[in-house]
Number of protein chains: 2
Amino acid sequence: MPTENPKPTPSVDEVDTRYLETLVGYNARRAALAVIGVFMERMAEYDLRVVDFSVASLILHNPGITSRQLCSALGMLPPNLVSLVNTLEKRRLITRRPHPNDGRASGLHPTPEGAALMRAAESAASELEFVASSRLTVAERKTLLRLLKKIYL
Amino acid sequence: MPTENPKPTPSVDEVDTRYLETLVGYNARRAALAVIGVFMERMAEYDLRVVDFSVASLILHNPGITSRQLCSALGMLPPNLVSLVNTLEKRRLITRRPHPNDGRASGLHPTPEGAALMRAAESAASELEFVASSRLTVAERKTLLRLLKKIYL
DNA sequence: TATTGTTATACTCTATAACTATA
DNA sequence: TATAGTTATAGAGTATAACAATA
């Protein structure tokens, strides 16, 4: 009878991630973190975090938007938006004006400086898209965006 | 001459998110958060957070894997893995054994109970995939996974 | 000298409760 | 009574520095 040692405390040579890679959530999270990592580095030039960029971009394209609307659009909670908006205001990138129909709310508006900064930041972001999806064809990138929207919309 | 009031502090009716929706990072993050939100609720039954599931799944499929290998595979930092592994060990879901080739490391192995739990959890996760991607055809889901991998690999 | 695992700790992000001013 | 915005605070997640044991 030959030597038998069926389970000799094995070591792992190469990690098998095949199961996790079958999950949409795992892949979407990895992809998001990869893209956003590059995005963060690039936006440091404008002193904008990812969430600052998102908020300021929505204000640029939706002048008069309220904090509540920003929270709904971006899935964040009102208390976590307060200091962010305050900082943008102190940097003179946005201003608050009284809301025309609702005395409780403020309308958020880009300043000329804020609009200029965001146009530059959005240009940089759009350039980055080509880097981030450099291994995708234009058609594949379009398909990816379409399928991702079908997941979360 | 009619009344003119070209910029009367507008209010926003419906938020225009079209620019952000052109960005892969924005869409991937939204999709990941949507899927993972459902995932978290479902995994509460097994008392597993997303990261617990990922670690335990890798241990199941890679018996003998080290902490260092887990960190590399999941993009997390060693200090943040310590208490997670300790908790899995205290729950008797995994055990540590001496690494065969490296006295500094421990090999992590699933216990029979841990393997049984993870097989159940993985079944639930795979079922959830059909819910999460219910608006996608099978072919679309396959395409989505392929394109996401091309982004982060 | 470099690496594995660990402790301690700091920083960021996210979540909850409670308050005010207005609808 | 309900909602917008705010404050304070708690909790989760992520980050760095430094150490002991081993390679």
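Just so we're clear, the structure is a prediction, and the values are computed from it rather than from any experiment. By convention in this document, chain letters (A, B, ...) are assigned in the order of the sequence lines, proteins followed by strands, and residues within each chain are numbered from 1. As a basis for the values below, the full set of heavy atoms in this structure was taken, side chains included, without hydrogen atoms, waters or symmetry mates.
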Could you go over nucleotides 18-23 of chain D and give all protein N or O partners under 3.5 Å, atom names and distances?
residue: D:dA23; atom: OP1; partner: B:Gly103; partner atom: N; Å: 2.8

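- Residue B:Met40 contributes atom CE, which lies 11 Å from atom C1' of D:dG13 at whole-angstrom precision.
- For the strand DNA chain C, secondary-structure stems (runs of at least three Watson-Crick or G-U pairs, all distances below 3.5 Å) span C:1-23 with D:1-23.
- Distance NE2 (A:His99) to C1' (C:dA21): 16 Å, rounded to an integer number of Å.
- Put simply, CD1 on B:Ile36 is 11 Å from P on D:dG13, counting in whole angstrom units.
- Side-chain N or O atoms of B:Ser57 include none that pairs as donor or acceptor with a backbone N or O of B:Ser54 at under 3.5 Å.
- Going from atom CG of B:Asn80 over to atom C1' of C:dC13 covers 14 Å, rounded to whole Å.
- Sequence neighbours left out, not one pair with a member in residues 98-146 of chain A passes ring pair (Phe, Tyr, Trp, His ring centres under 6.0 Å).
- Nucleotide D:dG13 holds its P atom 13 Å from the CG atom of B:Leu33, rounded to whole Å.
- Taken to the nearest 0.5 Å, the CG atom of A:Asp52 stands 4.5 Å off from the CG atom of A:Leu84.
- Residue A:Arg49 has no polar side-chain atom (N or O) positioned under 4.0 Å from OP1 or OP2 of C:dC11.
- Distance from the side chain of B:Ala105 is smallest to C:dT4 among D:dT7, C:dT4, C:dA15.
- We find the CZ-CG distance between B:Arg30 and B:Leu33 to be 7.5 Å, quoted to the nearest 0.5 Å.
- In this structure, the separation between CG on B:Asn80 and SG on B:Cys71 is 8.0 Å, given to the nearest 0.5 Å.
- The CG atom of B:Leu48 sits 5.5 Å away from the CG atom of B:Leu117 when rounded to the nearest 0.5 Å.
- Closest-nucleotide positions on DNA chain D for A:Arg29 and A:Val85 were compared, and the one nearer the 5' end corresponds to A:Val85.
- Side-chain polar atoms of B:Arg146 and A:Asn27 form no donor-acceptor pair below 3.5 angstrom.
- Nearest nucleotide to the side chain of A:Asn86, out of D:dT7, C:dT6, C:dT14: D:dT7.
- For C:dT6, one of the phosphate oxygens OP1 or OP2 lies less than 4.0 angstrom from a side-chain nitrogen or oxygen of B:Arg96.
- Judged by distance alone, with hydrogens and angles left aside, the side-chain atoms of A:Arg135 form a donor-acceptor pair with the main-chain N or O of B:Leu153 at under 3.5 Å.
- As a whole-Å value, the separation of A:Arg68 CZ from C:dA21 C1' is 14 Å.
- By the 6.0 Å contact criterion, NZ on B:Lys149 is enclosed, its count of non-hydrogen atoms from other residues, nucleotides or ligands being greater than 12.
- For the pair B:Met76 CE and D:dT16 P, the interatomic distance rounds to 14 Å; values are reported in whole Å.
- One atom, CG of B:Leu77, and another, C1' of C:dA10, lie 14 Å apart when rounded to the nearest Å.
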